[in-house]
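Remarks on the structure that follows.
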Amino acid sequence: MSIISLRHLHKRFGKLVVLNDVSLEIEPGKTLVVLGPSGTGKSVLLKHIVVLLRPDKGEVWFEDQRIDHLSERKLDPIRQNFGFLFQMGALFDSLNNLENVAFPIVEHTDLPRERAYQIAQQKLEMVGASGRRVEDAHGTVRRNA
Ligand SMILES: Nc1ncnc2c1ncn2[C@@H]1O[C@H](COP(=O)(O)OP(=O)(O)OP(=O)(O)O)[C@@H](O)[C@H]1O
Ligand SMILES: [Mg+2]
């Protein structure tokens, strides 16, 4: 079964038709690469998968649920299944890399902070990066470039 399914998506901005009947199925464990010249709609396509954009016509499914018409509140738990790296970078620039990776774990789980930071550290190490937790005496996070 597909984990993500895009069905006959149409999206236009004014006169500019960006998606014209786009369908695709993404299966669990598979890697899919979308290639194309600049301005042809790759980012627009990705934003439909996480419903940052909504189609003019067509459907977006995650597992067995249609998601393109859900409210932001109902999308919250679904979006927790996604990692999304924005093209222009969208890290919290007041936080260091470890704190950025730990942020969603702290926000969306009941794990103790220490455990959340351990997990974040492990994830950074998986990609050859590492981070250091920096807090002052009051527990306030300080910038650590
Ligand atoms: N929110 C928006 N409002 C109006 N036009 C938009 C919007 N988002 C994207 N576009 C337009 O849709 C088209 C496709 O944009 P998109 O960002 O998906 O391209 P891309 O394939 O990701 O390009 P690149 O390779 O440069 O990242 C472009 O012409 C862009 O200007
Ligand atoms: Mg893009």
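All values below were derived from every heavy atom in this structure, side-chain atoms included, with hydrogens, water molecules and symmetry-related copies excluded. Counting starts at 1 for both ligands and their atoms, in listed order.
For atom 25 (O) of ligand 1, the closest heavy atom belonging to the protein is Lys42 NZ, 2.6 Å. The nearest heavy-atom contact from the protein to atom 15 (O) of ligand 1 is Val44 CG2, 3.9 Å. Scanning all protein heavy atoms for the shortest distance to atom 3 (N) of ligand 1 gives Phe13 CD2, 3.3 Å.
Distances from atom 18 (O) of ligand 1 to the protein include at least one heavy-atom value under 4.0 Å. Under the 4.0 Å distance rule, the nearest protein heavy atom to atom 30 (C) of ligand 1 falls outside the cut-off.
Taken to the nearest 0.5 Å, the CZ atom of Phe62 stands 10.5 Å off from the CD1 atom of Ile26. Put simply, CG on Asp56 and CZ on Phe13 are 8.0 Å apart, with the number rounded to the nearest 0.5 Å. We find the CD1-CG distance between Ile105 and Asp110 to be 13.5 Å, quoted to the nearest 0.5 Å. Note that CZ of Arg7 and CD of Glu59 are 6.0 Å apart. Values are rounded to the nearest 0.5 Å.
Without hydrogens or angle criteria, Lys123 side chain to Ala102 main chain gives no donor-acceptor distance under 3.5 Å. A side-chain donor-acceptor contact under 3.5 Å links Arg79 to the backbone of Val51. At least one donor-acceptor pair under 3.5 Å links the side chain of Asn100 to the backbone N or O of Phe92.
Residues Glu125 and Ser130 have side chains that never bring a donor and an acceptor to within less than 3.5 angstrom of each other. For the residue pair Ser5/Glu25, the side-chain donor-acceptor check at 3.5 Å is satisfied.
For Gly39, the heavy-atom gap to ligand 1 drops under 4.0 angstrom.
The N/O atoms of Leu53, backbone and side chain alike, include none that comes under 3.5 Å of an N/O atom in ligand 1. The shortest N/O to N/O separation between Val18 and ligand 1 does not fall below 3.5 Å. For the pair Gly36 and ligand 1, the shortest N or O to N or O distance does not fall below 3.5 Å.
Only the side chain of Leu16 comes within contact range of ligand 1, with a heavy atom under 4.0 Å; no backbone atom does.
Between Phe82 and Ile4 the shortest side-chain heavy-atom distance falls below 4.5 Å.
The atoms of ligand 1 that sit less than 4.0 Å from any heavy atom of Gln87 are 24 (P), 27 (O). Within ligand 1, the atoms closer than 4.0 Å to a non-hydrogen atom of Ser38 are 23 (O), 24 (P), 25 (O), 26 (O), numbered from 1 in the order shown.
Ion pair Asp68/Arg66 flagged as a salt bridge, since at least one NZ, NE, NH1 or NH2 atom sits closer than 4.0 Å to an Asp/Glu carboxylate oxygen. Comment: Glu72 engages Arg54 in a salt bridge, judged by a side-chain N to carboxylate O separation of less than 4.0 angstrom.
For the Mg ion (ligand 2), the set of protein N/O/S atoms nearer than 2.8 Å consists of Ser43 OG, Gln87 OE1, ordered by chain and number.
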